[in-house]
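Every number for a ligand or one of its atoms is a count from 1 in the order of the listing. The residues of the chain are indexed from 1 along the displayed sequence. Since the model is a prediction, treat every value here as computed from it, not as a measurement.
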Amino acid sequence: MERTTLVQHIRQQEKSNPGATGEFTSLMTEIMVASKIISLEVNSAGIGENILGLTGKINVQGEEVQKLDEFSDITFTTIVGKSETVCAIASEEKEDPYIVPQEDNPGKYIFMMDPLDGSSNIDVNVNIGTIFSIYKKKSEGNEVTDEDLLQRGDEQIAAGYIVYGSSTIFVYTSGNGVYGFTLDPSLGEFFLSHPDLRIPGQGSIYSANEGNWGIWDENQKNLVSNLKEDNPSSGRPYKLRYIGSLVADFHRTLLKGGIFMYPKDKNSPEGKLRFSFEAAPLAFIAENAGGKASTGSERILDIAPKGIHDRLPLFIGSKKDVEMAETHLAAEKGKKGGWFKWLSG
Ligand code: P6P
């Protein structure tokens with residue numbers, strides 16, 4: 001059987017782009033190299049030198065920094081920073097973006113990343129992942145400005161994630177379909193394993209941290225109560241699946257459908273997840289796979305952040321399920337959401 005490598009696929013995609021210079025292929029190749037290095041570390045974590053555990057540092061998000069967080073951040077920043085394809089790298093782990101110095105021949109792309117999302121799960125061997133987003137520099141001249149760093153989600157050139165688990169899978173879109181590649185560790189090569197991924201129009205799984213029930217608002221509670229109602233004719237109750245690692249929960253949603261939600265709550269009135277490093281790239285992937293992504297009221301890709309660490313609520317997955325969620329969240333306070341109204345169309 002013919003096996004298409006990730007680089008071959010990117011080159012094929014780039015051929016259909018007349019203005020292509022090959023810089024995008026170079027950048028994606030370097031992202032792939034970094035992901036292979038991290039995959040090796042993640043899969044050997046706990047064997048030999050002690051790469052597990054905490055560094056004792058607190059990142060800009062106020063979260064404890066795992067050694068693998070720091071390793072992943074440094075690996076991507078070093079490799080992508082030397083690729084001569086990007087002029088800035090913004091990381092969830094760092095307050096300020098890394099600006100590529102002139103002596104390193106900065107390129108035309110802006111690279112955004114969560115270098116290792118879900119890292120609190122590393123020590124319990126749960127899937128974790130890297131999420132990335134690529135924009136084009138918009139401002140004139142060499143300086144990187146907010147015009148470059150705070151772009152609307154739908155100005156992304158490409159987005160992707162790598163999930164490090166039982167196998168390492170690289171998923172990306174450059175706006176022309178969503179493709180998944182599985183790492184063959186014996187060859188050290190990613191091969192096309194998920195051609196043209198599409199999210200089912202409606203699913204039967206919801207994914208949320210119900211431990212936050214007590215700090216959710218009424219409409220959010222009504223939404224989840226509706227999903228759990230025993231009503232087989234409308235495909236309910238939905239199953240609950242929550243891994244607590246966004247990349248893993250999203251990857252399952254992409255493949256099986258349903259809805260992942262991280263709503264705002266009393267402790268996180270803006271929401272917990274980050275626009276630049278989580279919501280925008282996954283929303284770009286979800287929409288390119290026929291799905292939907294919103295804050296519960298606003299399309300994620302219509303948003304331009306005010307700061308690179310902005311947080312927001314996230315409802316993402318099957319189009320019908322996200323629309324159903326939006327209906328409930330828009331219901332008048334205290335009134336049940338319009339599940340049946342929604343179902344009857
Ligand atoms: P909670 C992991 O820390 C993370 O950023 C995402 O990967 C995950 O979806 C979310 O937080 C889990 O948050 O509050 O349910 O532990």
Inset, instruction - Kindly say whether the aromatic ring centers of F170 and F190 come within a distance under 6.0 Å. - result: yes
Legend entry - Sorted by chain and number, the residues that approach ligand 1 to under 4.0 Å with a heavy atom: D117, G118, N209, Y242, G244, S245, L246, F260, Y262, K272, R274, E278
Legend entry - Charged N-O contact under 4.0 Å between D217 and K264: yes
Inset, instruction - Determine, for E218 against K221, whether the closest basic-nitrogen to carboxylate-oxygen distance falls under 4.0 angstrom. - result: yes
Legend entry - Residues D302 and R152 bridged, charged N to O under 4.0 Å: yes
Inset, instruction - Give a yes or no answer on whether the side chain of S72 reaches the backbone of L68 with a donor-acceptor pair at less than 3.5 Å. - result: yes
Inset, instruction - For T4, check side chain to side chain contact (heavy atoms under 4.5 Å, CB included) against everything at least two apart and list the hits. - result: E2, Q8, H9, Q12, L192
